[in-house]
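What you see is a predicted model, and the numbers here were worked out from it, not measured in a lab. The chains referred to below are lettered A, B, ... by the order of the sequence lines, with proteins before strands, and numbering in each begins at 1.
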2 protein chains.
Amino acid sequence: MTRRDPEGRRQAIIDAAGRVIAREGVGGLTHRKAAAEAGVPLGATTYYFTGLSELITAAFEDTAGASRELLAALGEALAASADPPAELARRTRAYLAEPERFRTANELYLAAAHRPELRPLARLWTDGLTDVLTPYAGAARARTIAVFLDGVLLRTLITGTPPDEPPLADALTALMRR
Amino acid sequence: MTRRDPEGRRQAIIDAAGRVIAREGVGGLTHRKAAAEAGVPLGATTYYFTGLSELITAAFEDTAGASRELLAALGEALAASADPPAELARRTRAYLAEPERFRTANELYLAAAHRPELRPLARLWTDGLTDVLTPYAGAARARTIAVFLDGVLLRTLITGTPPDEPPLADALTALMRR
DNA sequence: TCCGTACTAGTACGAACGTACAGGAATGCC
DNA sequence: GGCATTCCTGTACGTTCGTACTAGTACGGA
């Protein structure tokens with residue numbers, strides 16, 4: 001690690017930014033905090049990222065990979081399940097019950113409300129989720145369910161408590177029924 | 001207005017804070033911006049509000065009154081309507097189509113995700129909406145619909161576009177059916 | 001081996017911030 | 001009229017921030 005490793009350094013800064021965002025929110029991210037968290041001098045963060053919003057965008061892009069995997073796993077699980085709404089409810093709850101693991105992605109998604117430059121990235125999640133749900137509910141209802149899950153996310157962030165599974169399954173069943 | 005009017009001055013600062021929040025978000029609110037917007041010296045904002053979070057809380061409390069009126073109007077409209085889900089969809093869309101009018105309340109509601117001290121105030125809206133919906137959907141489904149409407153709000157803030165009414169009415173009808 | 005390029009690190013600057021405070025002005029009470 | 005209280009205002013302090021910049025260091029191709 002003593003060798004020069006620009007790529008690894010850049011990634012280390014992005015990872016550090018993600019941890020800071022998880023801890024203090026997007027608004028709490030600064031060049032200095034990211035640098036301290038990554039264990040690099042302040043100059044390094046401004047060298048690799050022209051402005052702060054570029055670092056935020058990079059952190060968001062970094063979560064997109066994890067989101068894609070999550071959606072792929074969800075798609076497979078739904079296909080294999082005899083009761084897709086219940087399976088979706090189960091996985092949604094599991095997702096939201098691990099705040100520390102997905103907090104970065106959630107914070108960034110929420111931040112898109114204030115930062116138009118993050119909107120295209122937010123759409124990646126939004127549209128991906130809709131696509132996964134379409135086979136089970138049709139395109140229109142799939143969009144609706146994705147909106148509903150946005151609400152579940154927001155409510156979880158506001159109350160600090162993940163949703164109960166039964167009402168979740170009930171709602172998803174109602175929305176998936178054609 | 002040349003007379004001394006502490007009460008009015010305090011209220012003027014709160015109103016100014018609301019406008020700043022609507023324009024730049026809760027994170028963009030500072031003592032100085034609120035003072036400039038209200039046309040009072042910086043010292044005035046620190047005289048009436050010990051800390052910044054106290055000013056934010058006051059601004060949020062100020063929107064609670066408007067929210068109560070909105071919920072009361074919604075309750076009456078639903079009671080008088082032959083098609084409550086459609087009526088709810090219509091009013092939800094109308095609400096979200098006026099971003100400048102409700103932006104302050106929405107920003108503050110969203111900010112509760114990061115500021116635990118705002119959570120009790122957020123619950124006022126959440127619980128009030130659930131109560132209004134309970135007669136038409138039962139307690140459990142009313143909670144679910146309130147969560148769904150949170151999602152509609154978040155999605156509107158992220159995309160910058162209010163929802164279409166037909167899919168909204170479709171979703172609400174499905175969720176209200178017992 | 002040399003040299004241009006890419007990287008590193010520390011520092012500096014101006015701006016904005018929260019907050020405190022000291023002193024002046026108006027008000028209400030006796 | 002005198003006085004305590006409340007209200008008002010301007011300024012100052014210390015902190016943190018984004019960003020820029022300079023000088024130095026490792027690397028990789030000629």
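Within the 4.0 angstrom heavy-atom criterion, only backbone atoms of the sugar-phosphate kind lie near A/Y48; the bases stay farther away. Counting any heavy atom pair closer than 4.0 Å across all strands shown, A/A44 reaches no nucleic acid atom.
In this structure, A/Y47 atom OH and D/dA20 atom C1' are separated by 15 Å, rounded to whole Å. Look at CZ on B/F49: it is 15 Å from C1' on D/dC7, rounded to the nearest Å. What separates CG of B/D5 from P of C/dA26 is a distance of 16 Å, to the nearest Å.
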Tabulated below should be each protein N or O lying under 3.5 Å from an N or O of nucleotides 24-26 of chain D; please produce it.
{"from": "D/dT25", "atom 1": "O2", "to": "A/R4", "atom 2": "NH2", "distance (Å)": "2.7"}

For nucleotides 13-19 of chain D, which of its nitrogen or oxygen atoms have a protein nitrogen or oxygen under 3.5 Å away, and what is each distance?
{"from": "D/dG18", "atom 1": "OP2", "to": "A/H31", "atom 2": "N", "distance (Å)": "3.1"}
{"from": "D/dG18", "atom 1": "N7", "to": "A/R32", "atom 2": "NH1", "distance (Å)": "2.7"}
{"from": "D/dG18", "atom 1": "O6", "to": "A/R32", "atom 2": "NH2", "distance (Å)": "2.8"}
{"from": "D/dT19", "atom 1": "OP2", "to": "A/L52", "atom 2": "N", "distance (Å)": "3.3"}

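Enclosure of atom CD in B/E100 by more than 12 non-hydrogen atoms of other residues, nucleotides or ligands within 6.0 angstrom is indicated. Within 6.0 Å of atom CZ in A/R119, more than 12 heavy atoms from other residues, nucleotides or ligands are found, so the atom counts as buried in its surroundings.
Judged purely by atom type and a 3.5 angstrom limit, A/T173 uses its side chain to pair as donor or acceptor with the backbone of A/A169.
Between A/E98 and A/R103, no side-chain nitrogen of the basic residue sits less than 4.0 Å from a carboxylate oxygen of the acidic one, so the salt-bridge criterion is not met. Look at B/R91 and B/E87 and you find a salt bridge, because one of the NZ, NE, NH1 or NH2 atoms lies within 4.0 Å of a carboxylate O, short of that distance. Taking the charged nitrogens against the carboxylate oxygens, A/R9 and A/D5 have no contact shorter than 4.0 Å, which rules out a salt bridge.
A donor atom on one side chain and an acceptor atom on the other are not found under 3.5 Å apart for B/E24 and A/H114. A/T63 and A/Y109 form no side-chain donor-acceptor contact under 3.5 Å, judged by distance and modelled atom types alone.
Near DNA chain C, meaning a heavy atom under 4.0 Å away, the residues from residues 6-21 of chain A are A/P6, A/R9.
B/L88 places a side-chain heavy atom less than 4.5 Å from the side chain of B/L133. Residues A/R115 and A/V26 form a side-chain contact, since some pair of their non-hydrogen atoms from C-beta on lies under 4.5 Å apart.
Counting all heavy atoms, side chain and backbone alike, A/P163 lies closest to A/V152 at CG-CG1, 3.6 Å.
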